[in-house]
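Down below is the structure, laid out as structure tokens.
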Amino acid sequence: MGGGDGRVGRRLVLLGPPNSGKGTQAEVLARRLGVPAISTGAMLREAVAEGSGLGSRVDGIMKAGELVDDETMAEVVRERLARADARRGFILDGYPRTVGQAGTLERILDEAGQRLDAAVLISVPEEVLVDRALGRGRADDREEVLRERFRVFREKTEPLIGYYRERSLLREVEGDVPIRQVTERIVAALDAGGRSE
Ligand code: AMP
């Protein structure tokens with residue numbers, strides 16, 4: 001990104017199907033932009049590992065590949081975004097996942113006098129992702145659960161593509177290439193988006 005970094009907004013959402021590389025890209029972009037990567041999935045997995053009240057509420061839902069309810073997620077995200085390190089920006093990975101959550105995010109930011117800079121969609125064909133995931137073997141990645149996660153993505157999360165496109169915030173990149181190339185495509189898409197709108 002070099003000298004171009006200043007143009008790229010620092011409040012970003014990453015969208016994409018399960019296993020599309022959102023988490024990896026969120027980490028890389030966060031380092032380059034100097035803002036935290038915030039993964040709601042990782043936060044929930046931590047809660048489960050700690051055995052907290054939140055963790056025990058969401059454990060079964062996560063194992064089944066379903067979505068935790070919007071209200072619970074609103075609390076999780078509101079608290080996380082209120083922390084000092086997120087004041088200057090963030091890369092959200094895994095939130096929002098429903099149109100309701102997108103509205104909540106907009107309200108949280110609005111209350112803080114902030115707004116989203118872009119929503120980056122990482123597109124990868126489902127079959128490529130299923131193969132990748134089954135080779136990797138995460139606890140909830142048995143094929144049946146994985147298919148369910150894709151179904152949930154198509155039904156609940158895909159509508160966000162239109163939501164952000166209508167708001168001129170959507171930047172789309174093809175993600176079926178090596179990690180480094182995906183990052184470069186994202187950075188290029190963010191730079192281009194900032195100039196043309
Ligand atoms: P992820 O690591 O982003 O794939 O998230 C793992 C699991 O955590 C998901 O399959 C959901 O069960 C739950 N989860 C994470 N983020 C959200 C969210 N924004 N809304 C609802 N459920 C979520």
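Read the numbers this way: they start at 1 and go in the same order the structure lists the ligands and their atoms.
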Numbered atoms and elements of ligand 1 in range of [X], under 4.0 angstrom, heavy atoms:
X	answer
Gln101	18 (C), 19 (N), 20 (N), 21 (C)
Gly94	16 (N), 17 (C), 18 (C), 19 (N)
Leu44	8 (O), 13 (C), 14 (N), 15 (C)
Thr40	15 (C), 16 (N), 17 (C), 19 (N)

Proximity of Leu67 to ligand 1 by residue part, where a heavy atom lies under 4.0 Å: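 Both backbone and side chain.
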Taking the side chain as everything from C-beta on, heavy atoms only, tell me whether [X] gets closer than 4.5 Å to [Y].
X	Y	result
Leu15	Leu170	yes
Thr104	Val77	no
Leu109	Phe90	yes

Selected option - heavy-atom contact closest to atom 15 (C) of ligand 1, from Arg149, Arg97, Lys156, Arg45: Arg97
Enclosure of Ile179 CD1 (heavy-atom neighbours >12, cutoff 6.0 Å): no
Whether over 12 other heavy atoms sit under 6.0 Å from Arg151 CZ: yes
Polar contact flag for [X] and ligand 1 (N/O pairs, less than 3.5 Å):
X	value
Met62	no
Val68	yes
Asp93	no

Under-4.0 Å salt bridge between Glu144 and Arg149: no
Arg97 to Tyr95, cation-pi by 6.0 Å centre distance and 45° axis angle: no
